[in-house]
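The figures that follow rest on heavy atoms only: side chains count, while hydrogens, waters and symmetry mates do not. Bear in mind the structure is a predicted one, so any value in this text is a computation, not a measurement.
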Amino acid sequence: MIGKIIKGIGGFYYVAAEDGKLYECKARGVFRKLGMRPLVGDDCKIEILDAEKCLGNVEEVLPRRNALTRPAVANTDQAIVIFAVSSPEPSFGLIDRYLVGMSYVDMPVLLVLNKVDQNRERAEELQSVYERAGYRVLLTSAKSGEGVELLKSALKGKTSVLSGPSGVGKSSLMNVLFPAFGAKTGEISEKIGRGKHTTRHSELTLVEQDTYLCDTPGFSSVELPEQVNEENLPLCFPEFDPFLGKCRFVSCRHLAEPDCAVKKAVEEGCIGESRYDSYRAFQELLKNRRKTEWK
């Protein structure tokens, strides 16, 4: 039987199958031999062990369109990266870490700046920075309803992964958009004995016809993906694209080298200083990570 993994926890995978039932499954040992594990969002084949108790095994994961490592989710159409403009204060560095992770896997991103009612000036400042960098940005407020309909339109008919740090209002915003969202996730949580208010693991929920949301745990810090290195990091900053290949040196890292087109673009205001500061900080992190790996 074919189904979709909507949640994975403690070695169990909860599969919404084509017969309309939710099956509690374990993964076959073959996945360990292959060095892979099923992910939330995976389409899969399952073997039914007990139809009455809805128990089964995940036998095969069908080909993925894409996959993220953190949050661990597959087959998504877009990432909705949500930050608050206040309470907690947003960090350029943390926002940029999220965006680099999505850029590396070529995942379309919508950056949502929530709680705009608390600090509109800060919201518009952030909006300007990231729209100049080439990202779609939407200002929202779960409290006032601003931007809610525009966000709902952006989600319609797609599978979206919701990502962002703790406390930014992801759950509140989604419950304004889809009042049944909490109830549906609660039904799944009741089955596996978990509370429904705190997101601990990635979870996929059908909120409307053909519209899935994957809520993920909030992270206070995010590591750069392992696949990102000093050479390919510039490709994760879309505003660098027009200037790559125009430096004096082919191997330019856009740091201390002379006649660097990227640094010139920063000086001329074509690339935001905060974004370039993040780039330099990430290069230093990757340099240190490489040194640690070589020890």
> Atom CZ in F282, atom CG in L233: separation rounded to 0.5 Å?
Replying inline: 7.5 Å
>> Please check this pair: side chain of N175 against backbone of A142, looking for a donor-acceptor N/O pair closer than 3.5 Å.
In response: no
>> If you count every heavy atom of other residues, nucleotides or ligands that lies below 6.0 Å from D106 atom CG, does the total exceed 12?
In response: no
>> So, taking the atom named CG in L113 and the one named CG in L126, what distance separates them when rounded to the nearest 0.5 Å?
In response: 5.5 Å
> Is T205 reaching over with its side chain to a backbone N or O of V207, donor-acceptor style, under 3.5 angstrom?
Replying inline: no
> Using 4.0 Å as the upper bound for N to carboxylate O, is an ion pair formed by R136 and E131?
Replying inline: no
>> Can you tell me how the ring of Y279 sits relative to the ring of F240, calling it parallel under 30°, perpendicular over 60° and tilted otherwise?
In response: perpendicular
> Is a side-chain donor or acceptor of D77 paired with a backbone partner of S160 at a separation under 3.5 angstrom?
Replying inline: no
> Just by distance, do the side chain of N57 and the backbone of E59 share a donor-acceptor pair under 3.5 Å?
Replying inline: no
> Is a donor on one side and an acceptor on the other found under 3.5 Å between the side chain of R65 and the backbone of N75?
Replying inline: yes
> Which distance, rounded to the nearest 0.5 Å, do you find between the CZ of F243 and the SG of C270?
Replying inline: 4.5 Å
> Is it the case that D96 and Y130 place a side-chain donor and acceptor less than 3.5 Å from each other?
Replying inline: yes
>> Once you measure the plane-to-plane angle for Y14 and F12, does it fall in the parallel (<30°), tilted (30-60°) or perpendicular (>60°) bin?
In response: tilted
> What are the two closest heavy atoms between A261 and C247, and how far apart are they?
Replying inline: N-SG, 3.3 Å
>> Holding to side-chain hydrogen bond (donor to acceptor under 3.5 Å, both in side chains), I want the full list of residues that pass it with R37, two or more places apart in sequence or in another chain.
In response: none
> Are any side-chain N or O atoms of R275 and backbone N or O atoms of R132, one a donor and one an acceptor, separated by less than 3.5 Å?
Replying inline: no
> Thinking salt bridges, do E257 and R248 make one under a 4.0 Å N-O criterion?
Replying inline: no
>> Does Y104 form a side-chain contact (heavy atoms from CB on, under 4.5 Å) with N232? I'd like the steps, not just the answer.
In response: CA-CA 9 Å; Y104 182 78; N232 62 32; 3.8 Å; yes
> Any donor and acceptor pair, going by atom type alone, linking the side chain of Q283 with main-chain N or O of E230 inside 3.5 Å?
Replying inline: yes
> What orientation do Y98 and F83 show, parallel under 30°, tilted 30 to 60°, or perpendicular over 60°?
Replying inline: perpendicular
>> I need the L99 CG to M102 CE distance, nearest 0.5 Å.
In response: 8.0 Å
> In terms of side-chain geometry, is the basic nitrogen of E267 or K264 positioned less than 4.0 Å from the acidic oxygen of its partner?
Replying inline: no
>> Has D50 got a side-chain atom pairing as donor or acceptor with L55's backbone, closer than 3.5 angstrom?
In response: no
Side-chain donor-acceptor contacts of residues 152-159 below 3.5 Å, not counting sequence neighbours, with atom names and distances?
none

> Looking just at side-chain N and O atoms, do N119 and S86 make a donor-acceptor pair shorter than 3.5 Å?
Replying inline: no
> Can you check whether L255's main-chain N or O pairs, donor with acceptor, with K263's side chain at less than 3.5 Å?
Replying inline: yes
> Are the side chain of N288 and the backbone N or O of L285 linked by a donor-acceptor pair below 3.5 Å?
Replying inline: no
